[in-house]
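The block underneath contains the structure these notes are about, expressed in structure tokens.
The chain is numbered in sequence order, starting from 1.
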Amino acid sequence: MRIRPRRRRAAPALRRIVSAAVALVLVLPAYGCRRELIPPGAPTPWPAAQSRHWQWQWQLDGPLDETVEADVFLLDPVATTAAQTAELRARDRRLICQVAVGSVRPADPDASRLPAVVLGAPGRQSGSRWLDVRAWDALEPVLADRFRLCRGKGFGAVALADADGYGHRSGFPLGFDDQLLFNRRLARLARSLDLSPGLVNDVPQLAALAPDFDFVVNEECVRLDQCAKLLPFADAGKPVFHVEYVGTTDEFCVTTVGYGFASIRKDRELDAWREPCPLP
């Protein structure tokens with residue numbers, strides 16, 4: 001008879017503990033947090049037999065449209081909530097988070113963690129700065145926490161953006177081999193955190209990096225006449241997620257689908273709108 005009252009008295013305390021835990025999750029910083037949000041159990045798989053049959057979506061701007069008919073979603077890990085990733089995963093969608101690994105913006109939650117010595121010339125985005133990718137000891141803890149944020153929110157793969165500072169006026173004497181070493185280190189870091197690693201662009205290094213990465217995201221290989229350089233991934237049965245911003249799908253799909261790419265037409269803002277190429 002004493003057991004029942006104890007259970008009733010424990011319920012309010014339990015509710016207070018749960019409420020406090022929820023509040024703690026909400027106030028943790030976006031980068032650097034190490035909370036557990038029931039991430040997927042393994043890195044995202046990319047079966048070679050399906051490499052020519054993915055439909056994908058790339059959205060970094062505007063309210064997330066979870067109803068898009070796509071198998072793969074490439075999203076911003078800060079703006080995307082754990083509830084949204086859980087909903088997508090419940091419908092068997094594969095989720096990739098995009099992480100800037102070679103640049104930082106003043107508004108990034110972890111910008112203050114980077115020492116001034118690794119900050120270089122202005123980057124692609126307004127206000128961003130290129131990073132000295134040779135400074136692995138300074139960058140690795142910050143980038144590891146960016147990857148952990150992806151994992152904690154339920155992503156199973158990470159796409160490395162701005163992983164080509166050597167090809168730009170970064171403010172540092174970065175060479176081809178400096179970038180190769182950095183990108184390979186990041187691929188290993190991603191795998192150690194149970195994330196499937198992929199590259200965004202970095203076209204000149206794709207042949208060398210194809211063994212290290214599971215997929216590639218490419219912008220405008222048709223317009224830039226670079227599609228043949230993506231074949232080391234396609235020929236290995238690895239997904240090539242490709243986007244064009246100009247022209248029509250009638251014009252470029254015949255080329256890219258023939259190569260085995262998953263191709264879409266998007267606006268440069270990368271909002272929810274998309275026009276996919278038909279599957280083969």
For the pair Ile96 and Thr44, evaluate side-chain contact (heavy atoms from CB on, under 4.5 Å) and give the outcome as yes or no after the intermediate values.
-> CA-CA 8 Å; Ile96 306 171; Thr44 296; over 6 Å; no
Evaluate the side-chain proximity of Lys238 to Val216: yes if any heavy-atom separation is below 4.5 Å, no if none is.
-> no
Residue pair Leu206 / Lys229, side-chain heavy-atom distance below 4.5 Å | no
Side-chain (Arg151) to main-chain (Asp194) donor-acceptor, under 3.5 angstrom | yes
Classify the side-chain pair Lys266/Gln57 by whether it contains a donor and acceptor separated by less than 3.5 Å.
-> yes
Would a distance-only check, ignoring hydrogens and angles, find a side-chain to backbone donor-acceptor pair under 3.5 Å from Arg93 to Ala70?
-> yes
What are the two closest heavy atoms between Glu69 and Arg274, and how far apart are they?
-> O-NH1, 3.6 Å
Short N-O contact, Asp212 and Arg184, less than 4.0 angstrom | yes
Checking Arg129 side chain against Pro106 main chain: does a donor-acceptor pair fall under 3.5 Å?
-> no
Who are the salt bridge (charged side-chain N to carboxylate O under 4.0 Å, His left out) partners of Arg124, not counting sequence neighbours?
-> Asp162, Asp164
Side chain Gln59, main chain Pro63, donor-acceptor under 3.5 Å = yes
Would you say Thr248 and Arg265 make side-chain contact, with heavy atoms under 4.5 Å?
-> no
Kindly say whether Pro77 contributes a backbone atom to a donor-acceptor pair with the side chain of Thr80 at under 3.5 angstrom?
-> no
Qualifying residues under salt bridge (charged side-chain N to carboxylate O under 4.0 Å, His left out), relative to Glu219, sequence neighbours excluded = none
Using modelled atom types only, decide if a donor and an acceptor are shared between the side chain of Asp71 and the backbone of Gln55 within a distance under 3.5 Å.
-> yes
Would you mind reporting whether Val133 and Phe172 have side-chain heavy atoms less than 4.5 Å apart?
-> no
Non-hydrogen atoms of Glu251 and Val254 that approach each other most closely | O-CG1, 4.0 Å
Any donor-acceptor pair under 3.5 Å from Asp108 side chain to Arg105 backbone = yes
For Arg169, does the CZ atom sit with more than 12 other heavy atoms under 6.0 Å from it, leaving out its own atoms?
-> no
Closest heavy-atom contact between Leu74 and Leu60?
-> O-CD2, 4.4 Å
Without swapping roles, check the side chain of Lys153 against the backbone of Thr85 for a donor-acceptor pair under 3.5 Å.
-> no
Find out if a path of hydrophobic residues (ILVMFWY) with successive side-chain heavy-atom gaps under 4.5 Å connects Leu231 to Val203.
-> yes
Aromatic ring proximity, centroids under 6.0 angstrom, Phe215 and Trp46 | yes
Contact summary for His242 and Phe252, nearest pair of heavy atoms = CE1-CD1, 4.1 Å
Sequence neighbours left out, what pairs pass ring pair (Phe, Tyr, Trp, His ring centres under 6.0 Å) with at least one residue falling in residues 89-131?
-> Trp130-His168
Without swapping roles, check the side chain of Arg146 against the backbone of Asp110 for a donor-acceptor pair under 3.5 Å.
-> no
Sub-3.5 Å donor-acceptor pair from the side chain of Glu244 to the main-chain atoms of Val222, do we have one?
-> yes
